[in-house]
Amino acid sequence: MIINAAPDITPQTLTSFYRPLLDQASEFSHPPVSNYKVGAVVIGNSGKAYLGSNFEVKRGAYGDTIHAEQFAVTLAKLAGETGIKAIVVSAEPCGHCRQFMMETGVCQLPIYFQDSQNKAGPGQPPLWKETSLGRLLPSPFTLAGERVNLYTHRPIVRQRVGGGPLSRAKKILVDRALEAAAQSYHPITKDTWAGLAIETLNGEFATGFPIESAAFNPTMPPLQVALVDLISKGFRPNQIRRAVLIEPVSPDLSFKDSTLNTLKKLAPRAQFSCIKGR
Ligand SMILES: [Zn+2]
C-alpha cells in the first residue's frame with residue numbers, strides 16, 4: 001500500500017500517524033510459520049510512504065521469506081522512487097535487513113522502531129528509538145568503490161532469444177518480463193539479471209526482477225519482488241494463473257528452479273515457463 005503524503009517524522013507523528021500505519025502494514029503480514037507479524041514504512045524522496053509486511057511460505061524454504069523492511073524498500077523501488085529518506089519499523093531490524101538496506105545507498109538512513117526492551121512502565125507500550133542504518137551496521141559488507149545503488153542504477157534493455165512464435169497471451173507476459181528484466185539490480189554479478197511476469201486469475205499483472213545484495217543471501221529474487229508487487233495491489237499468491245521468467249542463456253546464478261519450487265507451494269496449478277534472453 002502507498003500513502004501519498006506522509007508527514008515529517010516527529011515524536012508526535014510517530015505515535016499519532018506512523019504507529020497506526022505500522023498496525024495497518026502488519027495486517028497484510030502472512031507469517032504462517034513464525035506467526036510473528038512485522039510492519040514497516042519507508043518514506044521516499046517524493047514524500048510518499050510505502051507499507052511493508054513480512055511474508056512466509058508454508059512448507060517452503062527459509063529463503064522464500066520476505067522481511068517487512070525488504071517489502072517496503074522494494075515497493076518504493078517498484079514505484080520509481082529516486083531514493084528514500086527514512087524507515088519506521090514495528091520491531092528492531094534484523095541483521096539480514098540491515099545488510100539488505102545498505103543497497104539503498106544511504107548509510108545514514110534514519111531508522112525508527114519501538115524498542116521492546118525499553119518501556120515507560122509496566123503495561124506501557126515500548127518507547128520509540130531513533131537510530132541510523134550506519135549505527136545499526138557500522139561495518140557493512142560492501143565492495144570498495146561501489147557507487148551504484150538500488151534507486152539510481154540505470155535500466156538495461158533486454159531481448160528474448162529463440163523459442164519460436166508466442167501466443168498473444170504469452171507475448172504479453174514475455175514483454176512485461178523483459179521490461180522488468182531491464183530494472184534488474186545486480187552490481188556484483190555480471191549475468192544475474194532476470195525478469196518475471198505474473199498474470200492473476202482475473203487478468204491482472206505483477207512483475208519482478210532481482211535486487212542483489214552485496215552479501216548475496218539478503219538478495220530479493222524476481223519472484224519475491226513480484227510478490228511485493230502482487231500483494232501491494234491487493235492480490236493473493238494463490239490467485240496466480242501463470243508466470244514467465246526470462247534469464248540469460250548462461251546465468252551466473254539461476255532463478256529458474258527456485259521460482260518454480262516456490263510457485264508450486266503458492267499456486268500449485270499455475271503454469272510456469274522460463275525463456276532465455278540477452
Ligand atoms: Zn529482517
Side-chain angles (χ1 to χ4, degrees), residues 1 14 18-19 21-44 49-58 60-78 81 84-118 126 128-142 149-151 185 208 210-232 237 258 262:
M1 184 192 280
L14 277 174
Y18 288 98
R19 180 64 252 176
L21 211 53
L22 289 176
D23 290 339
Q24 218 175 321
S26 300
E27 282 310 301
F28 291 94
S29 293
H30 180 72
V33 181
S34 71
N35 292 314
Y36 185 75
K37 292 187 171 189
V38 186
V41 178
V42 156
I43 296 117
Y50 301 90
L51 275 59
S53 48
N54 57 322
F55 179 85
E56 296 165 359
V57 179
K58 185 83 173 171
Y62 284 115
D64 293 332
T65 304
I66 304 170
H67 295 216
E69 296 92 320
Q70 289 182 302
F71 192 118
V73 164
T74 298
L75 187 55
K77 168 69 180 171
L78 287 168
E81 284 288 345
I84 63 174
K85 296 194 290 192
I87 182 161
V88 187
V89 197
S90 62
E92 188 161 5
C94 74
H96 179 90
C97 288
R98 295 177 196 197
Q99 180 66 52
F100 179 76
M101 286 190 285
M102 281 292 163
E103 302 307 327
T104 64
V106 195
C107 281
Q108 293 318 311
L109 182 71
I111 297 180
Y112 303 82
F113 61 90
Q114 282 191 295
D115 184 359
S116 59
Q117 305 301 315
N118 194 3
W128 286 99
K129 180 168 180 172
E130 177 185 356
T131 183
S132 71
L133 183 55
R135 267 179 274 165
L136 288 178
L137 190 62
S139 301
F141 182 81
T142 55
N149 76 61
L150 159 65
Y151 295 108
Y185 172 74
I211 298 176
E212 186 179 79
S213 161
F216 276 23
N217 289 92
T219 293
M220 285 281 283
L223 178 58
Q224 271 68 11
V225 172
L227 288 171
V228 167
D229 193 20
L230 187 80
I231 293 165
S232 68
S258 58
T262 306

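First listed ligand is number 1; within each ligand, the first listed atom is number 1. This is a predicted model, so every value here is computed, not measured.
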- Query: Given Phe71 and Leu51, is the side chain to side chain contact (heavy atoms under 4.5 Å, CB included) satisfied, shown in steps?
  - Reply: CA-CA 8 Å; Phe71 192 118; Leu51 275 59; over 6 Å; no

- Do the side chain of Glu56 and the main chain of Ile66 share a donor and acceptor less than 3.5 angstrom apart? no

- Report yes or no: do Arg19 and Gln114 form a side-chain donor-acceptor pair below 3.5 Å? yes

- Item | Donor-acceptor under 3.5 Å (Thr131 side chain, Ile111 main chain) | no

- Between Tyr151 and Glu103, a side-chain donor and acceptor under 3.5 Å: no

- Message: Just to be sure I understand the site: which N, O or S atoms from the protein are less than 2.8 Å away from the Zn ion (ligand 1)?
- Response: His67 ND1, Cys94 SG, Cys97 SG

- Does the pair Glu130/Arg135 count as a salt bridge with the N-to-O cut at 4.0 Å? no

